[in-house]
Amino acid sequence: MTSIIIKWVIVFFALINAGYMTYDGARALITGDYLRPTTGEYAGQLGPWSKLVSFIGIDPESAFMKSVFLVLGIVSLFITVCFILDYPWAGNAMLIINICTLWNLILGTASSIIQIILLIILRGLK
């Protein structure tokens, strides 16, 4: 029973993370811009991930980076469905995709870390 609960917690966080990346990437490609806070201290700014990708030489507002968001989101959603369906390789794929999305700082990073920890715990329970 514990493993079922852990699995669905992983799915919950995966759907939020992958769904957001898919939506934000698609929206950015269609409208030209990502979702940004409209009020408060960070109004109009991209998240901390943008500084990280800028540091390595990628323009966070480029079509390439918007496509990265969209592709990672879609791949994550596909892997999540395979995880739900208990494909034998899906747990390892979930670990890999969560390691690949750690750069999506703050909420994406937190979601990925939680999923990685729970995937390791789930692996130990089997």
Side-chain angles (χ1 to χ4, degrees):
M1 183 56 118
T2 302
S3 61
I4 292 172
I5 293 169
I6 291 172
K7 177 180 178 175
W8 287 104
V9 171
I10 293 167
V11 168
F12 172 78
F13 281 106
L15 291 174
I16 288 173
N17 203 26
Y20 180 80
M21 287 185 76
T22 302
Y23 175 75
D24 202 24
R27 181 186 181 282
L29 283 168
I30 293 166
T31 67
D33 200 11
Y34 298 99
L35 291 172
R36 299 174 190 247
T38 55
T39 60
E41 182 180 348
Y42 301 105
Q45 296 179 34
L46 293 175
W49 66 267
S50 63
K51 291 173 184 46
L52 178 65
V53 298
S54 291
F55 179 76
I56 61 172
I58 299 171
D59 177 6
E61 297 190 50
S62 67
F64 171 75
M65 195 63 224
K66 293 169 185 172
S67 298
V68 167
F69 259 83
L70 179 60
V71 169
L72 278 174
I74 290 169
V75 169
S76 295
L77 287 171
F78 174 76
I79 292 170
T80 302
V81 169
C82 293
F83 182 73
I84 291 168
L85 296 173
D86 288 324
Y87 282 51
W89 53 267
N92 288 334
M94 290 280 283
L95 279 171
I96 292 167
I97 200 72
N98 278 292
I99 290 167
C100 291
T101 58
L102 284 169
W103 59 269
N104 190 9
L105 293 173
I106 312 257
L107 296 178
T109 303
S111 172
S112 292
I113 289 170
I114 290 167
Q115 289 176 72
I116 290 167
I117 291 168
L118 292 175
L119 284 160
I120 291 168
I121 291 169
L122 187 61
R123 187 177 279 180
L125 292 174
K126 289 187 177 184

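Only heavy atoms go into these numbers, but all of them, side chains included; no hydrogens, no water, no symmetry mates. Index from 1, following the sequence.
- Side-chain contact between Leu72 and Trp103: present, with at least one pair of heavy atoms (C-beta onward) separated by less than 4.5 Å.
- Hydrophobic clustering, with ILVMFWY side chains joined whenever heavy atoms are under 4.5 angstrom apart, keeps Ile74 apart from Ile30.
- The two residues Ser76 and Ile97 come nearest to each other via the heavy atoms OG-CG1, 3.1 Å.
- Here the OG1-CG distance, from Thr80 to Leu85, works out to 11.0 Å after rounding to the nearest 0.5 Å.
- Val68 and Leu102 fall within the same hydrophobic cluster, defined by Ile, Leu, Val, Met, Phe, Trp and Tyr side-chain heavy atoms under 4.5 Å apart, directly or through other members.
- Judged as a side-chain hydrogen bond (donor to acceptor under 3.5 Å, both in side chains), the pairs with a partner in residues 113-123 (not counting sequence neighbours) are, in order, Asn92-Arg123, Asn98-Gln115, Ser111-Gln115.
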Name every donor-acceptor pair, under 3.5 Å, that has one atom in a side chain of residues 8-17 and the other anywhere in the protein, sequence neighbours excluded.
none

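- Val81 and Phe78 end up in the same hydrophobic cluster when Ile, Leu, Val, Met, Phe, Trp and Tyr side chains are linked at under 4.5 Å.
- Here the straight-line distance linking atom CD1 of Ile116 with atom CD1 of Ile121 works out to 12.0 Å at 0.5 Å rounding.
- A donor-acceptor pair under 3.5 Å is formed between the side chain of Lys66 and the backbone N or O of Gly32.
- Closest approach of Glu41 to Gln45, counting heavy atoms only: O-NE2, 3.7 Å.
- A search for side-chain contact (heavy atoms from CB on, under 4.5 Å) contacts involving Leu46 returns Tyr34, Arg36, Trp49, Ser50, Pro60, Glu61, not counting sequence neighbours.
- Met94 and Leu119 get closest at one heavy-atom pair: CB-CD1, 3.5 Å.
- Put simply, CG on Leu122 and CD1 on Ile117 are 13.5 Å apart, with the number rounded to the nearest 0.5 Å.
- Remark: Thr22 OG1 to Leu77 CG distance equals 4.0 Å, nearest 0.5 Å.
- Ile6 contributes atom CD1, which lies 6.0 Å from atom CG of Leu118 (distance to the nearest 0.5 angstrom).
- Hydrophobic clustering (side-chain heavy atoms under 4.5 Å, transitive across Ile, Leu, Val, Met, Phe, Trp, Tyr) keeps Met21 apart from Tyr23.
- Shown here is Leu107, whose CG atom has no more than 12 heavy atoms of other residues, nucleotides or ligands within 6.0 Å.
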* **Steps toward side-chain contact (heavy atoms from CB on, under 4.5 Å) verdict (Phe69, Met65)** => CA-CA 6 Å; Phe69 259 83; Met65 195 63 224; 4.0 Å; yes
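- Annotation: the span from Ile79 atom CD1 to Ile96 atom CD1 amounts to 8.0 Å, rounded to 0.5 Å.
- No chain of hydrophobic side-chain contacts below 4.5 Å, direct or via other Ile, Leu, Val, Met, Phe, Trp or Tyr residues, connects Tyr20 to Ile99.
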